[in-house]
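Below you'll find the structure, written out as structure tokens, and then a few comments.
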2 protein chains.
Amino acid sequence: MKEEFYTLKGYKIKNEETLSSSMEDYIEMIFRLSKDGKEVRVRELSQALNVQPPSTTKMIRRLAREGYVFYEKYGCINLTEKGEKLGSKLLDRHKTIFEFLKSIGVEKNILEQTEIMEHAVNDEVLSRIKKLTEFLKKCHQNNDRNNGEN
Amino acid sequence: MKEEFYTLKGYKIKNEETLSSSMEDYIEMIFRLSKDGKEVRVRELSQALNVQPPSTTKMIRRLAREGYVFYEKYGCINLTEKGEKLGSKLLDRHKTIFEFLKSIGVEKNILEQTEIMEHAVNDEVLSRIKKLTEFLKKCHQNNDRNNGEN
DNA sequence: TTTAAGAGTTAGCTTTAGCTAACATTCTAA
DNA sequence: TTAGAATGTTAGCTAAAGCTAACTCTTAAA
């Protein structure tokens with residue numbers, strides 16, 4: 001099992017079962033927007049993601065075709081159970097990366113960096129980062145306590 | 001300065017000065033292959049990156065156009081000073097991410113994960129991760145020492 | 001010195017995910 | 001109840017980065 005190099009696109013082609021980063025972005029945002037029972041529509045989703053409505057229409061049709069959302073023309077966008085499950089996982093991943101970046105002291109463009117990095121970690125890396133962040137937080141608490149004593 | 005969401009592609013369009021992931025992959029690999037004075041050719045580069053030769057030809061012309069390599073048809077590929085500098089930085093980034101993933105205990109597909117993640121970190125995140133990895137290594141050493149005493 | 005193999009290039013295709021312009025539908029308010 | 005605003009869709013464009021097929025160069029061996 002020799003390890004070989006690929007371009008980033010090469011890895012995507014190799015792991016063809018995985019969703020594209022864009023699909024993930026849309027699903028994560030639909031999940032966010034629909035969390036407290038609100039209805040999600042093309043316009044709102046487009047604005048939230050800073051894309052034009054036709055891009056959203058196109059992507060929604062794709063997500064519907066692949067079973068992540070229910071959608072019919074001019075209607076509301078609803079996640080299927082599969083989409084819901086994934087959305088929740090993606091939002092979780094987002095939060096994990098965000099907390100990690102905060103805990104290591106990143107200050108500039110944290111949201112942007114989170115959005116970019118979240119697509120680049122697989123489950124194993126994510127769970128390692130989660131544990132690491134908990135550990136770092138404990139370290140910080142100890143430090144704070146010790147400094148507080150002075 | 002409100003923070004807004006974009007799709008991954010949206011961030012790429014926003015930060016248009018940055019190179020594409022593919023460009024980075026090619027430059028990093030040319031740097032690797034040419035390190036000990038060896039000549040780099042289309043075939044070798046293609047094989048190293050697992051792409052077909054026409055893809056390499058196309059990318060090399062682009063890299064030449066943008067001042068990262070010297071190239072003329074049927075010739076060897078040579079990094080310019082700008083390309084050399086970038087290649088060295090990219091290889092460094094690669095190593096930093098690789099070491100980080102190792103230090104947090106990632107075991108499966110480390111190379112692949114490195115190759116994917118390295119495109120997703122900016123300078124600030126990278127330098128934070130570098131410091132963090134040094135810190136973690138010290139922790140490991142202390143642990144090992146303590147365990148060694150038993 | 002010629003020819004065949006190997007290396008590199010060109011042309012043209014694909015997919016993804018954006019975009020605009022133009023059209024269609026739905027909703028709201030007069 | 002109908003007109004216009006708001007929303008959504010369609011068609012068709014772009015760029016990036018891959019691919020194959022077919023062609024052209026270069027080189028090495030007979």
Side-chain angles (χ1 to χ4, degrees), chain A residues 4-30 33 39-66 68-78 115-116 119, chain B residues 4-30 33 39-66 68-78 115-116 119:
Chain A
E4 295 206 352
F5 285 85
Y6 292 83
T7 59
L8 186 57
K9 179 157 189 182
Y11 284 118
K12 284 184 191 155
I13 294 170
K14 223 177 117 218
N15 307 322
E16 46 180 298
E17 74 290 348
T18 56
L19 296 97
S20 72
S21 298
S22 277
M23 290 168 79
E24 291 185 342
D25 283 325
Y26 282 86
I27 292 173
E28 187 182 321
M29 188 54 82
I30 297 168
L33 295 175
E39 298 202 319
V40 181
R41 299 191 141 273
V42 167
R43 192 195 45 88
E44 191 191 4
L45 183 52
S46 304
Q47 284 177 345
L49 288 172
N50 278 284
V51 299
Q52 295 302 312
S55 306
T56 300
T57 298
K58 202 201 269 181
M59 181 57 87
I60 291 304
R61 301 180 103 247
R62 182 172 174 196
L63 294 178
R65 197 173 356 110
E66 303 197 16
Y68 294 99
V69 301
F70 297 118
Y71 186 65
E72 39 190 67
K73 268 190 179 189
Y74 303 105
C76 293
I77 302 161
N78 289 295
E115 293 277 303
I116 294 172
H119 300 292
Chain B
E4 295 205 352
F5 285 85
Y6 291 83
T7 59
L8 186 57
K9 179 157 188 182
Y11 283 118
K12 284 184 191 155
I13 293 169
K14 222 177 118 218
N15 308 321
E16 46 180 299
E17 72 292 347
T18 56
L19 296 97
S20 70
S21 299
S22 277
M23 289 168 80
E24 292 185 343
D25 283 325
Y26 282 88
I27 292 173
E28 187 182 321
M29 187 55 81
I30 297 168
L33 295 175
E39 299 202 319
V40 182
R41 299 191 142 273
V42 168
R43 192 193 45 86
E44 191 191 4
L45 183 53
S46 304
Q47 285 176 345
L49 288 172
N50 278 286
V51 298
Q52 295 302 312
S55 305
T56 300
T57 298
K58 202 200 271 181
M59 181 57 88
I60 291 305
R61 301 181 104 245
R62 182 172 174 196
L63 294 178
R65 198 173 355 110
E66 304 197 14
Y68 295 99
V69 301
F70 297 119
Y71 186 65
E72 38 190 70
K73 268 189 179 189
Y74 303 106
C76 294
I77 302 160
N78 290 293
E115 293 278 303
I116 293 172
H119 300 292

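For clarity, every value in this text was computed on a predicted model and none was experimentally measured. A, B, ... follow the sequence lines: proteins, then strands. Residue 1 opens every chain.
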Starting at atom [atom1] of [X], determine the distance to atom [atom2] of [N], rounded to an integer number of angstrom.
X: Glu24(A); N: dA17(C); atom1: CD; atom2: P; result: 11 Å
X: Leu49(A); N: dC19(C); atom1: CG; atom2: C1'; result: 16 Å
X: Lys58(B); N: dA11(C); atom1: NZ; atom2: C1'; result: 10 Å
X: Gln52(A); N: dT14(D); atom1: CD; atom2: C1'; result: 15 Å
X: Leu19(A); N: dA17(C); atom1: CG; atom2: C1'; result: 15 Å
X: Ile13(B); N: dC19(C); atom1: CD1; atom2: P; result: 6 Å
X: Arg65(B); N: dA15(D); atom1: CZ; atom2: C1'; result: 11 Å
X: Asp25(B); N: dG18(D); atom1: CG; atom2: C1'; result: 13 Å

Would you tabulate the side-chain donor-acceptor contacts of residues 46-58 of chain A under 3.5 Å, counting partners in other chains and residues two or more places apart, or write 'none'?
residue  : atom : partner  : partner atom : Å
Ser46(A) : OG   : Val42(A) : O            : 2.6
Ser46(A) : OG   : Thr56(A) : OG1          : 2.8
Gln47(A) : OE1  : Arg43(A) : NH1          : 3.1
Asn50(A) : ND2  : Glu4(B)  : OE1          : 2.8
Asn50(A) : ND2  : Phe5(B)  : O            : 2.8
Thr57(A) : OG1  : Pro53(A) : O            : 3.3

For residues [X] and [Y], determine if any side-chain heavy atom of one lies less than 4.5 Å from a side-chain heavy atom of the other.
X: Ile60(A); Y: Val69(A); answer: yes
X: Glu115(B); Y: Leu8(A); answer: no
X: Glu39(B); Y: Glu44(B); answer: no

Per atom distances to the Arg62(B) side chain, the nearest of dG12(C), dT20(D), dA16(D) is dA16(D)

Nearest of dA17(C), dC19(C), dG18(D) to any side-chain atom of Ser20(A)?
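Nearest to the side chain of Ser20(A) among the choices is dA17(C).
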
Query raised in the report: Base, sugar-phosphate alone, or nothing: which one does Ser55(A) contact when heavy atoms must sit under 4.0 Å apart?
Result: base

Give one of base, sugar-phosphate or nothing for Tyr26(A), where a contact means two heavy atoms less than 4.0 Å apart.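 Result for Tyr26(A) = sugar-phosphate.
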
Using the 3.5 Å cut-off, write out each protein N or O paired with an N or O of nucleotides 7-9 of chain D and the distance between them.
residue : atom : partner  : partner atom : Å
dT7(D)  : OP1  : Arg43(A) : NE           : 3.3
dG8(D)  : OP1  : Arg41(A) : NH1          : 3.1
dG8(D)  : OP2  : Arg43(A) : N            : 2.6
dG8(D)  : O3'  : Tyr71(A) : OH           : 3.4
dT9(D)  : OP1  : Tyr71(A) : OH           : 2.7
dT9(D)  : OP1  : Tyr74(A) : N            : 3.2
dT9(D)  : OP2  : Thr57(A) : OG1          : 2.7
dT9(D)  : OP2  : Tyr71(A) : OH           : 3.2

Got a donor-acceptor pair under 3.5 Å from the side chain of Lys9(A) to the base of dA16(D)?
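By the distance-only test, no, there is no pair.
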
[atom2] on [Y] to [atom1] on [X], rounded to 0.5 Å:
X: Ile30(B); Y: Leu33(B); atom1: CD1; atom2: CG; answer: 8.0 Å
X: Ile77(B); Y: Arg41(B); atom1: CD1; atom2: CZ; answer: 8.5 Å
X: Met23(B); Y: Met59(B); atom1: CE; atom2: CE; answer: 6.5 Å

So, is Thr7(B) near the phosphate of dA17(C), with a side-chain N or O under 4.0 Å from OP1 or OP2?
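For dA17(C), OP1/OP2 do not have a side-chain N/O of Thr7(B) under 4.0 Å.
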
